[in-house]
Asks: 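My questions will all concern the structure given below.
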Amino acid sequence: MTDLRFVSTNPGKSREVAAVLRPFGVRVRWTRRELPEPQADTLEEVVASKLDAVRDLRGYVLVEDSGLFIPSLAGFPGVYSAHFLKVWGFGPIFELLRGRSRRAFFRTVAGLQRGRRRAIFVGEVKGSIARRAVGKNGFGYDPIFVPTGWKQTFAEVDAEAKNAISHRARAVRKVGNALSAGRAFGGSVGGPGRPRGPGR
Ligand code: IMP
């Protein structure tokens, strides 16, 4: 068993991360801590700040930052996803998307740290924005996101179905693979400043 600490304020994320890492023999402990989210252009920059803020923690420490990107809105809400949802809800997204492509994707950047070593893992899932919010499961934008090939939103399915394909699960499975292969900070998995491209 490998122990890993996942630092976040979001219990939904923590449950997803724990379920994805369990089959890799990784036991996840959730540390609830508010981490800095500086105004930044990329999720990678936000993750770097979060990793700086958890340097006091020993062992494997995992943080992540995610966003919903809508290409027809120039990538909005993207890195502003959390702030936008808190202040405005889904309404303005439905308004803005009238007559525009509803294509969207979720992206997660996960940052793993142990002592002075860091690695970044990326996951994405493509889909589209529903015409109205549907479903009670999950959190955040789940009620308005329909993955490609699905007829339901992430909020209409159970955690297992979301974890089969989600952006977060894809990024975190790479963490699990790297840890179980003993090459979390080296080999072919991206180290600091060498993020791998969008992952499937
Ligand atoms: P952050 O990574 O906590 O900054 O999340 C950014 C925003 O995207 C927040 O509003 C989250 O609720 C939302 N978000 C992150 N991951 C997901 C997800 O898996 N499903 C739906 N919304 C998400």
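Remember, it's 1-based here, ligands and their atoms both numbered in the order they're listed. As the structure is a computational prediction, the values presented were derived from the model and not from experiment.
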Asks: Begin from the C-alpha positions of Ile129 and Phe94 and carry the test side chain to side chain contact (heavy atoms under 4.5 Å, CB included) through to its verdict.
Replies: CA-CA 8 Å; Ile129 302 300; Phe94 294 137; 4.2 Å; yes

Asks: When you look for heavy atoms under 4.0 Å from ligand 1, do you find them on the side chain of Lys86, its backbone, both, or neither?
Replies: neither

Asks: Return the CZ to CZ distance between Arg55 and Arg118, rounded to the nearest 0.5 Å.
Replies: 4.5 Å

Asks: Return yes when Lys13 approaches ligand 1 closer than 4.0 angstrom through a heavy atom, no otherwise.
Replies: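 Under 4.0 Å: yes for Lys13.
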
Asks: Under the 3.5 angstrom rule, does the side chain of Gln113 hit a backbone N or O of Leu51 as a donor-acceptor pair?
Replies: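 Yes, the answer is positive, given that a donor and an acceptor are paired below the 3.5 Å cut-off.
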
Asks: What is the closest protein heavy atom to atom 15 (C) of ligand 1, and at what distance does it sit?
Replies: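 Of the protein heavy atoms, Arg168 NH2, 3.5 Å lies nearest.
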
Asks: Heavy-atom distance to atom 21 (C) of ligand 1: which of Asp142, Val109, Val125 wins?
Replies: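 Selected option, by shortest heavy-atom distance: Asp142.
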
Asks: Is it true that Asn10 lies under 4.0 Å from ligand 1, counting heavy atoms only?
Replies: no

Asks: What about Leu68 and Phe154, same hydrophobic cluster or not, with Ile/Leu/Val/Met/Phe/Trp/Tyr joined at side-chain heavy-atom distances under 4.5 Å?
Replies: yes

Asks: Is there a heavy atom in Leu68 that sits closer than 4.0 Å to ligand 1?
Replies: no

Asks: Please check if atom CZ in Arg131 has more than 12 non-hydrogen atoms from other residues, nucleotides or ligands closer than 6.0 Å.
Replies: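 Open.
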
Asks: Taking the minimum heavy-atom distance to atom 12 (O) of ligand 1, which of Gly78, Ala169, Gly140 ranks first?
Replies: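 Shortest heavy-atom distance from atom 12 (O) of ligand 1: Gly140.
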
Asks: Looking at ligand 1, is there an atom of it that comes within less than 4.0 Å of some heavy atom belonging to Phe154?
Replies: no

Asks: Write down the atom of Leu112, the atom of Leu4, and the distance for their closest heavy-atom approach.
Replies: CD1-CD1, 3.8 Å

Asks: Identify the closest protein heavy atom to atom 4 (O) of ligand 1: which residue and atom is it, and at what distance?
Replies: Asp65 OD1, 3.1 Å

Asks: May I ask whether Leu43 and Val54 are part of the same hydrophobic cluster, defined by side-chain heavy atoms of I, L, V, M, F, W, Y residues being less than 4.5 angstrom apart, directly or through others?
Replies: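 The answer is yes; both residues are in one hydrophobic cluster.
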
Asks: Ignoring hydrogens and geometry, is there a side-chain-to-backbone donor-acceptor pair from Asn137 to Val157 under 3.5 Å?
Replies: yes

Asks: What are the atoms of ligand 1, with element, lying closer than 4.0 Å to any heavy atom of Glu64?
Replies: 2 (O)

Asks: To check your reading of the model: name the closest protein heavy atom to atom 23 (C) of ligand 1, its residue, and the distance in Å.
Replies: Phe139 CE1, 3.7 Å

Asks: Out of Phe90, Phe106, Phe69, Phe139, which residue meets the ring-ring contact (aromatic ring centres under 6.0 Å, His included) rule with Phe145?
Replies: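 It is Phe106; the other options fail the test.
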
Asks: With a sphere of 6.0 Å drawn around CZ of Arg103, does it hold more than 12 non-hydrogen atoms of other residues, nucleotides or ligands?
Replies: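 At most 12 heavy atoms, drawn from other residues, nucleotides or ligands, come within 6.0 Å of this atom.
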
Asks: With heavy atoms of Glu37 as the reference, note each atom of ligand 1 found under 4.0 Å away.
Replies: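 Answer for ligand 1: 4 (O).
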
Asks: In terms of atom number and element, which parts of ligand 1 are under 4.0 angstrom from non-hydrogen atoms of Leu85?
Replies: 10 (O)

Asks: Calculate, to the nearest 0.5 Å, the distance between atoms CG and OG belonging to Leu97 and Ser128 respectively.
Replies: 10.0 Å

Asks: Distance under 4.0 Å to a non-hydrogen atom of Ser66: what atoms of ligand 1 satisfy this?
Replies: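 Once the distances to Ser66 are compared, the set is 1 (P), 2 (O), 5 (O), 6 (C), 15 (C), 16 (N).
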
Asks: Does an N or O anywhere in Glu16 fall below 3.5 Å from an N or O of ligand 1?
Replies: no

Asks: Using a strict cut-off of 4.0 Å, indicate which atoms of ligand 1 neighbour a heavy atom of His167.
Replies: 16 (N), 17 (C), 18 (C), 19 (O)

Asks: Quick one: look up the protein heavy atom nearest atom 10 (O) of ligand 1 and list residue, atom name and how far away it is.
Replies: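 Result: Ala82 CA, 3.2 Å.
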
Asks: May I ask you to identify the nearest protein heavy atom to atom 13 (C) of ligand 1, giving residue, atom name and distance to one decimal place in Å?
Replies: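 The answer is Tyr141 CD1, 3.7 Å.
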
Asks: Would you mind running through ligand 1 and noting each atom that sits below 4.0 Å from a heavy atom of Lys162?
Replies: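 Every atom of ligand 1 under 4.0 Å from some heavy atom of Lys162: 18 (C), 19 (O), 20 (N).
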
Asks: Quick check: is Val172 connected to Tyr60 through a chain of hydrophobic side chains (ILVMFWY, heavy atoms under 4.5 Å apart)?
Replies: yes

